[in-house]
S.K.: 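Structure incoming, see below.
FYI, side chains are in, hydrogens and waters are out, and symmetry mates aren't considered; it's all heavy atoms of this structure.
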Amino acid sequence: QVQLVESGGGSVQTGGSLRVSCAVSGDTIRKYSMGWFRQAPGKAREGVAVIDRSGHTAYADSVKGRFTISKDNARNTLYLQMNSLRPEDTAMYYCATPLSSLLPSPVFDSTQFRYWGQGTQVTVSS
C-alpha cells in the first residue's frame, strides 16, 4: 500500500519562501509521476505542479516562475519549493500520484491521481 506524508507547511509573510515535502512509502517514486495540488477554504481543489517519471514538469499558470517541483529518488521524496509567496497561495497542499509513469491528460485531472497524502497547511499573510 502506497502512503504519502506531507510536511513543511507553515506561516510566512508575503514574499517569503517555503519548501513542502512528501515522503512516500510502500513503493518507489522513481517509477511514477507525482503531483502537488492545493485547496483553499470554500474553493475547489486545483493542480499546482506535476512531474513525470523522466523529470518533465508542468505548472499552473498562477505559480509559474515562483514554484518548483522536484523529486529525490534516493530519498523517495517529492518536494515543492515555493518562492515569492502571495496571500492567494494560502491553502492546504496535497501530494498525489496516479501510480503511473505517465501524467494524466489533462495533467491536473485530480480524478486520475489514485493516492493522496493528508495535506500540509500553508498560510501567507499580507
S.K.: Is there a donor-acceptor pair under 3.5 Å between the side chain of Glu6 and the backbone N or O of Gln118?
M.R.: yes
S.K.: OG/Ser62 to CG/Asp89 distance, rounded to the nearest 0.5 angstrom?
M.R.: 7.0 Å
S.K.: Without placing hydrogens or testing angles, list every side-chain donor-acceptor pair under 3.5 Å for residues 103-117, not counting sequence neighbours.
M.R.:
residue, atom, partner, partner atom, Å
Asp109, OD1, Thr111, N, 3.1
Asp109, OD1, Thr111, OG1, 2.6
Asp109, OD2, Thr111, OG1, 3.3
Asp109, OD2, Gln112, NE2, 2.9
Gln112, NE2, Ser105, O, 3.4
Trp116, NE1, Phe113, O, 2.8

S.K.: Does Thr97 use its side chain to pair, donor to acceptor, with the backbone of Ser33 at less than 3.5 Å?
M.R.: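 Yes; at least one donor-acceptor contact below 3.5 Å.
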S.K.: Show me the donor-acceptor pairs, under 3.5 Å and distance only, between side chains in residues 9-19 and residues at least two apart or in other chains.
M.R.:
residue, atom, partner, partner atom, Å
Thr14, OG1, Ser125, O, 3.0
Ser17, OG, Asn83, OD1, 2.9

S.K.: Quick check against the 3.5 Å criterion: does Ser100 have a side-chain atom that pairs as donor or acceptor with the backbone of Pro98?
M.R.: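 Answer holds: no.
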S.K.: Nearest 0.5 Å, please: how far is CE in Met92 from OG1 in Thr123?
M.R.: 9.0 Å
S.K.: Please write out which residues are connected to Leu102 in a hydrophobic cluster, directly or through intermediates, given that two of Ile, Leu, Val, Met, Phe, Trp, Tyr count as joined at side-chain heavy-atom separations below 4.5 angstrom.
M.R.: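 None; Leu102 is a cluster of one.
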S.K.: For residues 42-51, run the donor-acceptor check on the side chains, cut-off 3.5 Å, and write out each pair with its distance to 0.1 Å, sequence neighbours left out.
M.R.:
residue, atom, partner, partner atom, Å
Glu46, OE2, Arg38, NE, 2.6
Glu46, OE2, Arg38, NH2, 3.1

S.K.: side-chain contact (heavy atoms from CB on, under 4.5 Å) between Arg86 and Arg66: does it pass, once the steps are laid out?
M.R.: CA-CA 10 Å; Arg86 305 167 180 168; Arg66 301 188 298 123; 3.4 Å; yes
S.K.: With side-chain contact (heavy atoms from CB on, under 4.5 Å) as the test, would you mind laying out the steps for Phe37 and Cys95 before giving the verdict?
M.R.: CA-CA 6 Å; Phe37 292 77; Cys95 65; over 6 Å; no
S.K.: Applying salt bridge (Lys or Arg N to Asp or Glu O under 4.0 Å), name anything that partners Lys64, two or more places apart in sequence or on another chain.
M.R.: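 Lys64 satisfies salt bridge (Lys or Arg N to Asp or Glu O under 4.0 Å) with Asp61 once adjacent residues are dropped.
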S.K.: Does some side-chain heavy atom of Met82 sit less than 4.5 Å from a side-chain heavy atom of Val122?
M.R.: yes
S.K.: Kindly determine whether Val24 and Gln3 satisfy side-chain contact (heavy atoms from CB on, under 4.5 Å), including the steps that lead there.
M.R.: CA-CA 6 Å; Val24 180; Gln3 292 188 318; over 6 Å; no
S.K.: Hey, mind stepping through Trp36 and Val20 against side-chain contact (heavy atoms from CB on, under 4.5 Å) and telling me if it holds?
M.R.: CA-CA 10 Å; Trp36 285 99; Val20 291; 3.7 Å; yes
S.K.: Tell me which one of Asp72, Asn76, Leu4 satisfies side chain to side chain contact (heavy atoms under 4.5 Å, CB included) with Ile29.
M.R.: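 When side chain to side chain contact (heavy atoms under 4.5 Å, CB included) is applied between Ile29 and each of Asp72, Asn76, Leu4, only Asn76 qualifies.
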S.K.: Work out which heavy atom in Arg53 is nearest to a heavy atom in Lys31; give both atom names and the distance.
M.R.: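 The answer is CD-O, 3.6 Å.
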S.K.: Identify whether Leu78 and Leu99 are in the same connected component of the hydrophobic contact network (ILVMFWY, side-chain heavy atoms under 4.5 Å).
M.R.: yes
S.K.: Taking only residues at least two apart or on different chains, which pairs with a member in residues 58-97 satisfy ring-ring contact (aromatic ring centres under 6.0 Å, His included)?
M.R.: none
